[in-house]
Number of protein chains: 2
Amino acid sequence: MGRKRLQESADVRPTVHTVAARAGVSIASASRVLNGVGGSPETVRKVREAAAEVGYVPNAIARSLQSQRTELIALAVEDIGNPVYVEMMRAIEAVVASSGRQLLVHATGGRIDNETALLRRLANRYVDGMIVSPIRVTADHLTALQDSPVPVVVVGQLAADAPVDNVRTDSRRGIAMAVDHLVATGRRRIGFVNGPLDTVPGAARDAGFRAALAAHGIALDENLIEIGDFQYAAGRDATERLLARAEPDALVCANDLIAAGALHTLLARGRRVPIDVALVGMDDTELARMMFPQLSSVSLGSAERGRRAAELLLQRIADPSLPPRRASVEPSLAVRASSAQAQVPAQPSREEVTS
Amino acid sequence: MGRKRLQESADVRPTVHTVAARAGVSIASASRVLNGVGGSPETVRKVREAAAEVGYVPNAIARSLQSQRTELIALAVEDIGNPVYVEMMRAIEAVVASSGRQLLVHATGGRIDNETALLRRLANRYVDGMIVSPIRVTADHLTALQDSPVPVVVVGQLAADAPVDNVRTDSRRGIAMAVDHLVATGRRRIGFVNGPLDTVPGAARDAGFRAALAAHGIALDENLIEIGDFQYAAGRDATERLLARAEPDALVCANDLIAAGALHTLLARGRRVPIDVALVGMDDTELARMMFPQLSSVSLGSAERGRRAAELLLQRIADPSLPPRRASVEPSLAVRASSAQAQVPAQPSREEVTS
DNA sequence: CAAACTCCCGGAAACGTTTACAGCTACCGG
DNA sequence: CCGGTAGCTGTAAACGTTTCCGGGAGTTTG
């Protein structure tokens, strides 16, 4: 027998040993039957019966230790309240699930320590791979990423030579598309509400905005630029500050949350959208379509980026020797009521409506 | 030595054996030092050095197999796009993190098979405990819950005798608060946009609405009731259908997503909110405050419920012999612009505004 | 009828860690 | 000077699974 303990007492979870003993076969046979590989009809019957009787359910931890796989994929995003990540997550989840794996989401809250802690955790092999979408990337962040023992795919801009699988989009170009559209519809005093400049997306959008204005020969008015963080409340407050010192005829926002906040302030301050002020958000999330009027928004292909990231990750898990790869998704502009040249005013021009 | 393989080749992750061999001590000593328990100064130095040199990081799977703990908590919700779960998740995450554990989120997509599959997965001991917020609860769902080998806390209504830890709120009472408020502000033709009646929250809200109307002696007009699912688009469409056949002066919605959809349809159909139609949502999420006008909403204390659930779970993990417990959170009503008796019209009465 | 082949089975090793236990050294007190 | 004790160390077992390998039985083939 070799095994001292052979308890069948009810308060202890049954193991394959329990099942094997009850069926009168070896653990090897029991394991084979339970995995559906081999076994004579008689053995199969006995093992199945025994397993059902004791309510056996395999211990995934032990299995993982043996197989060196957990069939789990982690997604780390900084703010799970941002609908853009929800859409990305859904796309990733679809790919991951179709490979028989399970997706786990972890919110880092943007705290960088939290993210490196997470990387260390995953170095512990709790997951088979990870997709991470950092908004700030420091040097040791990067080294932590690239010598992760577990495959990692980064969604977002990364240094060109970083040897890490990477799915990106061109948010500078995205901002330019918004500006082009606004200029084409006759707007000239175009404001910009951005997130922090020390974040990767914040910096890219800022550069994109300045370049786009310059391309149209429009002088930059710093009074028309405001910075908050990437949240709704910040968008509302930033727009409040902006309106206090300037009178834009259009507003570009660094994401849809900010744009939603901007819309709120504009309406509360009696501006008609789009008559007085046109508004364009970014990420083209569900939220943009929830607003009234619906928001024009630059799509950065979040679902597509998620899908591609998941595919890259699965490929790398299948073959870790692959060279680092990079995928790009093109931005596109969804024009909706908030920036259309409306024929009919959508709201009255009434000052200081209470919200 | 006993151990055949003792590779130090670079392409294999170092184990405690690698470290021990390099430091010239036994694996027991190495393990002890790495866990900071015992060891002579000399041994400690050698092991620390060796570990640093080979970049040792412990394998959490193996550790979990031994310790029977993973330090992971799972949260399963059906729709991660619903902001109510985001708020709940943030509250849970705070509690879980403060206990040194990590929270993993899993979206079940409401598919019941997915949820039981998840329960089976967690029966596999991948997590130390789980918080689940199911919207449909079947019989075998319940049995799966109650003989889960891992502690489970359910957020939501459950049969009274179900021996499962449970945090609930009184959504019937919540709906009643909304109706009371609307009646008090002079509304009489109160419509209701609900989710599916075969869900637990849908059924409770329906019962609450009917009871509340009856309490006020208002006859129920079935034309004023519409059902979709708990999503934004469904709320929009359901309100469309409702407006096609009735003219409510107020609308109660089963959650804020539905309310956001209802607002969209109301505005697009030229109804002024709150002048013509007052609107009250439910869950009091961020989304309610993002709308313009801001939505009144019945808070079901989602953050509080999350916090309580996490606490119950941690307690049960600490002492699995605890009897099943139940916590309740009282609903409350946040009155905002969408149902205030506004003095100033917030929108013009213009028909068929395009959105 | 012997040899080869196919299946099935059980023993045992392996995954990487923690830890109970026993042995050793060195020191202290009597 | 000797017994006891404290502190450290190493051996080995254990967590629960999968899987390699060798042996045995039964079947087919030459």
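These numbers come from the heavy atoms of this one structure, side chains and all, not from hydrogens, waters or symmetry mates. Given the structure is predicted, the values throughout are model-derived calculations rather than measurements. By convention in this document, chain letters (A, B, ...) are assigned in the order of the sequence lines, proteins followed by strands, and residues within each chain are numbered from 1.
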Exercise. Which nucleotide sits closest to the side chain of A:A28: D:dT19, C:dT17, D:dA12?
Worked result: D:dT19
Problem set entry | Phosphate OP1/OP2 of D:dC15: any A:N59 side-chain N/O under 4.0 Å | no
For this session: Return the value, rounded to whole Å, for the distance between atom CD1 of B:I27 and atom C1' of C:dG16.
Result: 9 Å
For this session: Provide, to the nearest angstrom, the distance between the CG atom belonging to A:L34 and the C1' atom belonging to D:dT18.
Result: 12 Å
Return all side-chain donor-acceptor pairs below 3.5 angstrom for residues 96-104 of chain B, not counting sequence neighbours, or 'none' if the list is empty.
| residue | atom | partner | partner atom | Å |
| --- | --- | --- | --- | --- |
| B:S98 | OG | B:V95 | O | 2.8 |
| B:S99 | OG | B:V96 | O | 2.9 |
| B:S99 | OG | B:R101 | NE | 3.0 |
| B:Q102 | NE2 | A:H106 | NE2 | 3.4 |

List, one per line, each side-chain donor-acceptor pair under 3.5 Å for residues 127-134 of chain B, sequence neighbours excluded.
| residue | atom | partner | partner atom | Å |
| --- | --- | --- | --- | --- |
| B:D128 | OD1 | B:T70 | N | 2.8 |
| B:D128 | OD1 | B:T70 | OG1 | 3.1 |
| B:D128 | OD2 | B:T70 | N | 3.2 |
| B:D128 | OD2 | B:E71 | N | 2.6 |
| B:S133 | OG | B:V155 | O | 3.3 |

Problem set entry | Protein-nucleotide distance (B:K46, atom NZ; D:dC8, atom P), rounded to Å | 14 Å
For this session: May I ask you to verify if any side-chain N or O of B:S31 is less than 4.0 angstrom from the OP1 or OP2 atom of C:dT18?
Result: yes
For this session: Look at B:Q68 and D:dA14 and indicate whether a side-chain polar atom (N or O) is within less than 4.0 Å of OP1 or OP2.
Result: no
Exercise. Starting at CG of B:L65 and ending at P of C:dT17, how long is that distance when rounded to a whole Å?
Worked result: 12 Å
Exercise. Under the side chain to side chain donor-acceptor pair (under 3.5 Å) test, which residues partner B:Q68, sequence neighbours left out?
Worked result: none
Exercise. Heavy-atom distance under 4.5 Å between the side chains of A:R63 and A:N35, does that happen here?
Worked result: yes
For this session: Find which nucleotide of DNA chain D each of B:V44 and B:A62 is nearest to by heavy atoms, and output the residue with the more 5' nucleotide.
Result: B:V44
For this session: Look at B:S67 and C:dT18 and indicate whether a side-chain polar atom (N or O) is within less than 4.0 Å of OP1 or OP2.
Result: no
For this session: Tell whether B:R13 reaches the base of C:dG16 with its side chain through a donor-acceptor pair below 3.5 angstrom.
Result: no
For this session: For B:G39, report the nucleic acid contact type (base, sugar-phosphate, nothing); a contact means any heavy atom under 4.0 Å.
Result: sugar-phosphate
Problem set entry | Gap between atoms CD and C1', on B:Q66 and C:dC15 respectively (whole Å) | 13 Å
Exercise. So, is B:S26 close to the D:dG10 phosphate, meaning a side-chain N or O under 4.0 Å from OP1 or OP2?
Worked result: yes
Exercise. Among all residues two or more places apart in sequence or in another chain, which pass the side-chain contact (heavy atoms from CB on, under 4.5 Å) test with A:R90?
Worked result: A:V86, A:E286, B:D79
Exercise. Can you tell me how far P of C:dG10 sits from CD of A:E42, to the nearest Å?
Worked result: 12 Å
For this session: Only pairs at least two apart or in different chains count here, so list each salt bridge (charged side-chain N to carboxylate O under 4.0 Å, His left out) that has a residue in residues 152-165 of chain B.
Result: B:D165-B:R316, B:D165-B:R325
Exercise. In whole angstrom, what separates A:R32's CZ from C:dC7's P?
Worked result: 14 Å
Exercise. Are any of the side-chain nitrogens in A:K46 or A:E49 under 4.0 Å away from the carboxylate oxygens of its partner?
Worked result: no
For this session: Please report, rounded to the nearest Å, how far the P atom of D:dT18 is from the CD atom of A:E71.
Result: 12 Å
Nucleotide N/O of nucleotides 22-25 of chain D paired with protein N/O under 3.5 Å:
none

